[in-house]
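Throughout, a chain's letter reflects where its sequence line sits, starting with A, and its residues are numbered from 1. The shown structure was predicted, so the numbers you read here are calculated from the model rather than taken from an experiment.
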Protein chains: 2
Amino acid sequence: MKARNLQSRKRYAARAAIAKALAHPSRLMILDALEAGERCVCELTDLVGADQSTVSKHLAVLKQAGLVADRKEGVMSFYRVKVCCLAGFWKCIETVLTENLKAHQEALG
Amino acid sequence: MKARNLQSRKRYAARAAIAKALAHPSRLMILDALEAGERCVCELTDLVGADQSTVSKHLAVLKQAGLVADRKEGVMSFYRVKVCCLAGFWKCIETVLTENLKAHQEALG
DNA sequence: ACGTTACATGGCGAAATGGGCATATAGGAA
DNA sequence: TTCCTATATGCCCATTTCGCCATGTAACGT
């Protein structure tokens with residue numbers, strides 16, 4: 001039972017690692033942009049409006065989590081979404097946000 | 001366009017706040033347990049195996065994000081899942097983990 | 001060769017997070 | 001009242017995250 005517990009902990013840790021990669025506004029913005037097709041780092045840097053090195057690190061986080069993949073072409077790197085299931089993420093999060101808003105308004109009214 | 005940008009940033013921040021609440025192994029473990037029905041803090045404390053105050057704080061994070069709700073009964077607090085869409089989360093995360101594992105094995109073999 | 005452009009990485013400080021201990025609060029029992 | 005139990009909160013410390021700056025690296029043009 002102890003071994004099982006350990007394994008279950010590892011499972012949760014692995015899941016949390018994915019969620020962690022999604023837990024930053026800039027990274028969500030990047031993923032959103034990549035859903036429309038691959039983008040180079042410079043485009044994403046413009047989009048996010050942060051330092052290029054910052055964006056590069058965000059992309060490294062997403063890549064490490066297995067959420068995006070990259071392709072080098074000459075001097076540039078193009079990133080793309082690697083998984084197909086993110087739509088469910090957005091939907092769920094939007095649902096939560098909507099319900100929170102509703103609850104908040106009920107609390108006021 | 002600047003206003004739109006600001007609003008879009010707020011959107012991403014709100015989404016990230018939800019993802020952040022999901023980005024911890026203990027909180028995922030708690031949510032998993034709550035999917036089977038409401039639990040009191042003491043049960044969850046046993047489950048997670050951390051200090052009671054730590055678990056209490058994790059629950060506060062989940063509540064703040066609107067993911068769980070609580071109900072007081074005498075001395076005890078019972079928490080329950082408040083949203084219905086978490087199954088999609090698990091599924092998506094599991095998909096990512098599976099693909100990552102596959103990619104890793106291909107990289108080896 | 002040199003310079004430029006695109007990107008990645010190291011380092012540093014600031015801020016956020018996490019965890020346990022101690023304490024506060026509050027309900028129930030005696 | 002006093003004690004005990006269940007939970008929440010404050011405090012402190014360790015760790016992590018985040019952002020920018022500076023620098024490294026690599027491809028391309030001249």
Taking [atom1] from [X] and [atom2] from [N], how many angstroms apart are they, rounded to a whole number?
X: E43(A); N: dT5(C); atom1: CD; atom2: P; result: 17 Å
X: D70(A); N: dC7(C); atom1: CG; atom2: P; result: 11 Å
X: M76(B); N: dT7(D); atom1: CE; atom2: C1'; result: 11 Å
X: L59(A); N: dC7(C); atom1: CG; atom2: P; result: 10 Å
X: L62(A); N: dC18(D); atom1: CG; atom2: P; result: 11 Å
X: K72(B); N: dG27(C); atom1: NZ; atom2: C1'; result: 12 Å

>> Suppose we screen for side-chain contact (heavy atoms from CB on, under 4.5 Å). Which residues come up paired with R71(B), at least two apart in sequence or across chains?
In response: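 Scan of R71(B) (side-chain contact (heavy atoms from CB on, under 4.5 Å), adjacent residues dropped) gives E38(B), E73(B), F78(B), R80(B).
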> Residues two or more places apart in sequence or in another chain: which of them pass side-chain contact (heavy atoms from CB on, under 4.5 Å) with S56(B)?
Replying inline: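 In terms of side-chain contact (heavy atoms from CB on, under 4.5 Å), with neighbours along the sequence ignored, S56(B) is linked to Q52(B).
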>> Are the side chains of V55(B) and L47(B) in contact, using a 4.5 Å heavy-atom criterion?
In response: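 No - every pair of side-chain heavy atoms lies 4.5 Å or more apart.
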> Within a strict 4.5 Å, meaning less than it, do heavy atoms of the R15(B) and R11(B) side chains meet?
Replying inline: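 Sidechains of R11(B) and R15(B): in contact.
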>> Under a 3.5 Å distance rule, please check whether R9(A) uses its side chain to pair with a backbone N or O of V48(B) as donor and acceptor.
In response: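 Here the side-chain-to-backbone pair exists.
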> Is there a donor-acceptor pair closer than 3.5 Å between any side-chain N or O of R27(A) and the backbone N or O of A21(A)?
Replying inline: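 Checking the backbone N and O of A21(A) against the side chain of R27(A), a donor-acceptor pair under 3.5 Å is found.
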> Taking only residues at least two apart or on different chains, which pairs with a member in residues 96-109 of chain A satisfy salt bridge (charged side-chain N to carboxylate O under 4.0 Å, His left out)?
Replying inline: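 Sorted result for residues 96-109 of chain A: empty, none.
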>> By the salt bridge (charged side-chain N to carboxylate O under 4.0 Å, His left out) test, which pairs, at least two apart or in different chains, include something from residues 41-66 of chain B?
In response: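 Qualifying pairs: K63(B)-D70(B).
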> With D32(A), which residues qualify under side chain to side chain donor-acceptor pair (under 3.5 Å), at least two apart?
Replying inline: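 D32(A): side chain to side chain donor-acceptor pair (under 3.5 Å) contacts with Y12(B).
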>> The criterion is side chain to side chain donor-acceptor pair (under 3.5 Å); which residues satisfy it with H24(A), sequence neighbours excluded?
In response: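 Checked H24(A) against side chain to side chain donor-acceptor pair (under 3.5 Å); zero matches.
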>> Before you tell me yes or no, could you show the steps for Q105(B) and L108(B) under side-chain contact (heavy atoms from CB on, under 4.5 Å), namely the whole-Å CA-CA distance, both residues' side-chain angles and the distance that decides it to 0.1 Å?
In response: CA-CA 5 Å; Q105(B) 288 175 343; L108(B) 290 182; 5.5 Å; no
>> For the helix from dA1(C)-dT30(D) to dA30(C)-dT1(D), what angle separates the axis at the start from the axis at the finish, each from five pairs, in steps of 10°?
In response: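 About 10° separates the two local helix axes.
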> Closest approach of T95(B) and C85(A), non-hydrogen atoms and distance?
Replying inline: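 Smallest heavy-atom distance, with atoms named: CB-SG, 4.3 Å.
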Give a yes/no on whether any side-chain N or O of [X] is located under 4.0 angstrom from OP1 or OP2 of [N].
X: K20(B); N: dA16(C); result: no
X: H58(A); N: dT17(D); result: no
X: Y79(B); N: dA8(D); result: yes

Could you write out each protein N or O paired with an N or O of nucleotides 9-14 of chain D at a distance under 3.5 Å?
residue : atom : partner : partner atom : Å
dG10(D) : O6   : K57(B)  : NZ           : 2.9
dC11(D) : N4   : K57(B)  : NZ           : 3.1

> For Y79(B), what residues pass the ring pair (Phe, Tyr, Trp, His ring centres under 6.0 Å) criterion, not counting sequence neighbours?
Replying inline: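 None.
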>> Walk along nucleotides 25-30 of chain D from 5' to 3' and tag each nucleotide B, S or - by protein heavy-atom contact under 4.0 Å, base first, then sugar-phosphate.
In response: --SS--
>> Taking salt bridge (Lys or Arg N to Asp or Glu O under 4.0 Å) as the definition, give me every residue that meets it alongside E35(B), ordered by chain and number, with sequence neighbours left out.
In response: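 Applying salt bridge (Lys or Arg N to Asp or Glu O under 4.0 Å) to E35(B) gives none.
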>> Near DNA chain D, counting only heavy atoms under 4.0 Å, which residues of residues 22-41 of chain B show up?
In response: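 Heavy-atom contacts with DNA chain D come from C40(B), V41(B).
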